[in-house]
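For reference, the structure discussed in these notes is given below.
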Protein chains: 2
Amino acid sequence: MTPTIKDVAAHAGFSIATVSRAINAPHTVNPVTLARVREAIDALKFRPNPLGRQLRGERTRLIGVVLPTLANPVFAECLQGIDELAAAQGFRLMLMTTQYDAERERHAIETLRAQRVEGLILTVADADTHPLLDELDADGPLYVLMHNDTKRRPSVSVDNHQAACDGVRMLIAHGHRRILMLAGTLAASDRARQRHAGYALAMQQAGLTPAPALEVDFNAQELAPSVLAHLTSGPARPTALFCSNDLLAMVVMRGLRRARLRVPQDMSILGFDGLAMSELLAPPLASIGTPNRDIGCEAWQCLMARIGGQYAGPLANTLPHTLRTGGTIAAIAHAPLGARGSAIDRGLELGGALS
Amino acid sequence: MTPTIKDVAAHAGFSIATVSRAINAPHTVNPVTLARVREAIDALKFRPNPLGRQLRGERTRLIGVVLPTLANPVFAECLQGIDELAAAQGFRLMLMTTQYDAERERHAIETLRAQRVEGLILTVADADTHPLLDELDADGPLYVLMHNDTKRRPSVSVDNHQAACDGVRMLIAHGHRRILMLAGTLAASDRARQRHAGYALAMQQAGLTPAPALEVDFNAQELAPSVLAHLTSGPARPTALFCSNDLLAMVVMRGLRRARLRVPQDMSILGFDGLAMSELLAPPLASIGTPNRDIGCEAWQCLMARIGGQYAGPLANTLPHTLRTGGTIAAIAHAPLGARGSAIDRGLELGGALS
DNA sequence: TTGAAAGCGCTAACAA
DNA sequence: TTGTTAGCGCTTTCAA
């Protein structure tokens with residue numbers, strides 16, 4: 001079958017130790033020997049079996065990646081960033097997805113630990129209260145979270161609270177008063193909570209009353225009638241919707257269109273994620289953007305530094321978010337002038353603090 | 001550090017051989033012994049190190065996955081399908097992306113072989129003339145291609161030629177005469193060629209003259225002026241565009257909108273991929289759909305059957321494509337009645353052969 | 001039913 | 001500079 005270091009040694013007429021050295025520390029072997037060994041390696045098309053090395057207790061050069069799903073481009077983009085750096089630095093990636101399921105998260109981490117990965121990059125449903133992460137803290141391997149916005153653990157994320165707050169302030173600055181937040185059914189994540197808190201803060205600071213997030217099953221690709229009724233009926237219907245992610249925003253937009261509501265004339269929409277694709281919509285979706293690729297890269301570098309024992313940065317790494325204004329937000333003209341003016345001022349003032 | 005089988009043996013008061021048997025063949029050990037060993041395993045939180053097993057036997061339970069990119073949801077969806085089955089069957093996935101680069105394809109395959117994966121699932125730029133695949137055919141590991149539409153190698157794909165042909169016939173049936181095909185710059189793939197051939201055949205069978213594919217750099221997210229000119233100027237401008245993928249179609253639609261061309265009134269658009277997201281556009285994008293998730297699942301099952309030595313299916317596995325008609329296609333009313341009628345007849349007749 | 005021992009492919013003391 | 005040898009954690013004969 002596949003040649004081993006033994007075969008190479010036999011072929012070259014040296015010991016396996018010499019072959020090993022020829023591969024791992026070429027400068028320590030006689031040039032002539034080296035040449036002969038290399039000849040043999042080529043002749044046999046030998047490739048060192050990493051399993052041997054790995055078993056030996058050396059570095060496995062394996063990094064585990066745990067993500068909720070690849071169906072959401074947010075995570076696919078993070079992975080893309082990670083993969084880029086991993087490939088360049090000679091690491092291999094072992095991937096597992098969890099569908100936001102706690103049991104699958106547990107299983108993924110167990111499997112990856114068993115495989116002796118040198119490090120872990122992961123996004124979990126809820127980082128703060130995660131017993132498995134405590135275990136990792138206790139006896140390794142090292143890990144870095146992505147998108148889990150927690151101060152308690154090594155992580156790379158945007159400031160979800162601030163980002164949502166900025167976005168909702170922008171809506172308020174456009175004269176909106178009745179702003180509703182829509183969230184996916186998997187709303188039990190730390191991010192979702194923080195985004196809602198940001199929304200609530202922005203509302204309160206403007207003297208408005210925040211509402212609980214309205215849950216929407218957006219896997220159905222269809223808006224439930226009850227939800228639609230909530231959005232469209234009565235004089236107290238919202239004039240703007242803050243959706244907890246872009247996919248949800250797109251589904252909502254379609255639902256509204258079907259109900260003959262125009263975006264943005266009848267309803268303004270703000271998304272979260274800043275997907276490249278949602279900007280291609282007509283009108284382009286306004287959205288709070290997260291630098292997913294950068295988050296992946298940053299998580300990688302952070303993990304590598306930790307593994308090297310030379311990480312000096314903060315525990316929680318906050319990357320700047322962006323605010324993509326777009327065609328889906330209209331200004332409300334019918335608000336009382338006084339209130340509207342002050343809202344705009346407040347919005348602009350705070351907008352200046354944006355990255 | 002992490003406990004080994006030795007520690008368990010010592011703790012339980014038996015030999016490592018017995019512990020191994022207790023884990024891998026519980027029925028061959030005395031129930032009392034078994035209980036004691038299991039106690040020790042729990043007490044020490046022992047998890048067998050797969051590296052030991054892998055090195056010993058040939059079963060690594062590792063499958064390599066090689067994809068061009070995860071930025072395109074097509075591949076992310078395939079991977080999702082693969083991951084689902086892999087997790088259920090206790091396999092681990094090692095992922096590498098290539099960005100359609102031949103050198104990176106080579107490197108990925110080499111790395112994965114070295115890691116002793118038991119099988120490989122991959123999408124390459126061009127499968128027919130790929131020396132590395134010949135090597136794999138020669139001395140393993142077993143592999144299955146996804147989306148590479150070739151008769152010469154183990155693969156799972158739609159019939160790209162037929163699919164493109166069906167789509168263009170549909171355009172013709174709607175009265176279109178001047179139909180142009182747009183392709184991404186990475187058009188050197190086997191799929192792109194076959195899709196263009198399908199377009200050309202449909203055109204010729206309708207007595208129309210196919211044009212070479214117009215290359216568009218859609219990573220720029222912006223339509224080049226020269227391309228735009230080609231699409232909009234003169235009386236001979238195309239009335240319909242067949243885009244080689246949905247992402248491209250979305251970028252093109254935006255370009256047209258900016259040039260004040262209405263879709264579909266001024267220009268009809270047909271995409272390829274059938275992304276869920278592109279159906280959320282306004283108007284929803286007409287597109288030829290590929291069952292990506294199923295392609296991933298099918299590739300997995302096909303690979304497993306081959307590894308088990310019990311694969312009985314065809315070398316090339318063709319899955320049905322779908323034709324999603326949508327708001328982006330308008331009927332052309334100004335075509336001569338005779339020609340238009342016959343085109344529709346032909347279209348309907350052929351449409352019946354669709355899955 | 002259990003244990004002793006060999007060996008999977010490799011690295012790293014230690015010797016020569 | 002090169003070789004000998006002892007493991008890394010595990011499975012699997014072969015004996016007991």
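Letters A, B, ... mirror the listed sequences (proteins, then strands); counts begin at 1.
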N or O in side chain of [X] less than 4.0 angstrom from [N] OP1/OP2:
X       : N      : result
B:Ser20 : D:dC10 : no
B:Ser15 : C:dG3  : yes
B:Lys6  : D:dC8  : yes
A:Asn49 : C:dC8  : no

| said: Exactly one of B:Leu136, B:Val144, B:Asp134 should register a side-chain contact (heavy atoms from CB on, under 4.5 Å) with B:Arg153. Which one does? | reply: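 Per the side-chain contact (heavy atoms from CB on, under 4.5 Å) rule, the option paired with B:Arg153 is B:Asp134, out of B:Leu136, B:Val144, B:Asp134.
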Find the distance [X]:[atom1] to [N]:[atom2] and express it as a whole number of Å.
X        : N      : atom1 : atom2 : answer
B:Arg36  : C:dT1  : CZ    : P     : 15 Å
B:Arg59  : C:dG9  : CZ    : C1'   : 20 Å
B:Arg61  : D:dC10 : CZ    : P     : 17 Å
A:His27  : D:dT1  : NE2   : P     : 10 Å
A:Arg116 : D:dG9  : CZ    : C1'   : 8 Å
A:Arg47  : C:dC10 : CZ    : C1'   : 16 Å
B:Leu44  : D:dG9  : CG    : C1'   : 15 Å
B:Gln54  : C:dC8  : CD    : P     : 17 Å

| task | Examine the side chains of A:Ser189 and A:Asp126 and answer whether a donor and an acceptor come within less than 3.5 Å of each other. | result |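 A:Ser189 vs A:Asp126: no donor-acceptor pair found between side chains.
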| query | Between B:Gln89 and B:Trp300, does any side-chain donor sit less than 3.5 Å from a side-chain acceptor? | reply |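 B:Trp300 and B:Gln89 do have a side-chain donor-acceptor pair below 3.5 Å.
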To check you understand the geometry: which heavy-atom pair defines the closest contact between [X] and [Y], and what is its length?
X        : Y        : result
B:Gln54  : B:Thr60  : NE2-O, 3.2 Å
A:Phe91  : A:Leu62  : CD2-N, 4.2 Å
A:Leu303 : A:Leu120 : CD2-N, 3.8 Å

| said: Reading DNA chain D from 5' onward, which residue's closest nucleotide shows up sooner: B:Gly52 or B:Thr18? | reply: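 The residue mapped nearer the 5' terminus is B:Gly52.
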| message | Just to be sure I understand the rule, does B:Pro48 reach a base, reach only the sugar-phosphate, or reach nothing, if contact means heavy atoms closer than 4.0 Å? | response |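 Here B:Pro48 touches the backbone only, sparing every base.
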Counting side-chain heavy atoms from C-beta on, which of [options] comes nearest to [X]?
X       : options               : result
A:Arg53 : D:dC10, C:dG3, C:dT11 : C:dT11
A:Leu55 : D:dC10, C:dG3, C:dG9  : C:dG9
B:Ala17 : C:dA4, D:dC10, C:dT2  : C:dA4
B:Asn30 : D:dT1, C:dT11, C:dT1  : C:dT1
B:Ile16 : D:dC10, D:dT2, C:dC10 : D:dC10

| task | Verify the neighbour count for atom NZ of A:Lys45: are there more than 12 heavy atoms of other residues, nucleotides or ligands below 6.0 Å? | result |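 Count not over threshold, so no.
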Pull out every protein N or O sitting under 3.5 Å from an N or O of nucleotides 14-16 of chain D, one pair per line with the distance.
none

| Roughly how far, to the nearest 0.5 Å, is the CG atom of A:Asn148 from the OG atom of A:Ser155? |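 Going from OG on A:Ser155 over to CG on A:Asn148, the span is 7.5 Å.
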